[in-house]
Amino acid sequence: MSKTIAILTGGGDCPGLNAVIRGVVRAATLQRGWRVLGIEDGFDGLVGEPRLRELDLEAVRGILPRGGTILGTSNRGNPFAYPVRQGEEVRLVDMSEQVIEGFRRTGAEVLIAVGGDGTLKIGQRLNELGLPVVGVPKTIDNDLRGTDVTFGYHTAVATVTEALDKLHSTAESHHRAMVVEVMGRDAGWIALEAGIAGSADVILLPEIPFQMEKVVEALVRRRERGSRFSIIVVAEGAFPAAGGRVVQVGAEENYGIERLGGVGRFVANEIEKRMAVETRTVVLGHVQRGGSPSHTDRLLGSRFGVKAVDLIEQGQFGQMVALRGRAIIAVSIEEAVGSLNLVDPDGELAHTAEALGIMLGR
Ligand code: F6P
């Protein structure tokens, strides 16, 4: 039976979103003859008059290698706490009814919500309120449970690894300590995996509060062994055991979410203070979210897109597509967003790093 389905991308963008959109459109139109509508800018596109785009084969032609999302995204538009300006003040208002009404006006029967923890939680709540939702997990941080990995992560790790390779030669030439701040609010996957792959000397993660004296000891030991430069990778959410996270903009001024950043500079200052070594800080920032998706992320995004359409056909709403081992499966969104997928400080990966001589700040 013919159907109309809608798709939106929410939260921070990442490489591979276009592969999902293309996968959905091709599986829905080529195999089933369904109609696909794209909602622009995440849930924002359902507030007021729906902002829609017809997604036919022509609309998704050539987008597989493109970074970002052709639909646009937003990490502000939570329908359950929607920022509304009233004079000088921004108030958070429950707009979920308007969003459900906006969705009804699109004429679509089901919504595919592609996003991270925030977007999927919203999708889950809307599903409970009667709007059928299928979830697709995305985030470069790889902090979502329920799936072995999210798309976007592989490309981000490749970007950071390449940056670390490049920073090695300049750090070595100038005999400097190079502190590289990478993304990872709660989970240090990018820092740990790229740090190992890019041969870092120190890796600091949100999961292991760090002791500055241990970091300095490791750098001194390295110098004593004859290495006159060091590479220190710091996840933006890492924090000293004796203090808190370094926040750039507080949650109250940033729609309820802290904007992190600055821990790299903090670590660099401490190193310069505690030992005579010239230090530089590099913040890789949103470079990690950009660029063409790796083959792994194109493949995973495509498989997720196709599976999301299968789930709609089977009426499996409130479910999220996921990778488990080599298989693409369905898991309940509720289960997936219940807690975060964090690095195990006592797990194999942390052990491997330490066995390789990498200091994890403890
Ligand atoms: O996608 C998650 C993330 O990359 C976090 O690691 C980071 O804190 C956040 O996005 C930054 O998002 P933005 O600057 O787009 O608000």
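Read the numbers this way: they start at 1 and go in the same order the structure lists the ligands and their atoms.
By the ring-ring contact (aromatic ring centres under 6.0 Å, His included) test, F229 pairs with H168, sequence neighbours left out.
No donor-acceptor pair closer than 3.5 Å links the side chain of D141 to the backbone N or O of D143. A side-chain donor-acceptor contact under 3.5 Å links K138 to the backbone of G12.
The ring-ring contact (aromatic ring centres under 6.0 Å, His included) analysis of residues 335-356, with sequence neighbours excluded, yields no pairs.
The pair E313-K3 does not count as a salt bridge, with every side-chain nitrogen at least 4.0 angstrom from each carboxylate oxygen.
Protein residues with a heavy atom under 4.0 Å from ligand 1 are N75, I140, D141, M183, G184, R185, E236, H286, R289.
Apart from V246 itself, the hydrophobic cluster it occupies contains V179, V202, L204, F210, M212, V215, V216, L219, V220, I232, V234, V263, F266, V267, I271, M275, V277, M359, where clustering links Ile, Leu, Val, Met, Phe, Trp and Tyr at side-chain heavy-atom distances under 4.5 Å.
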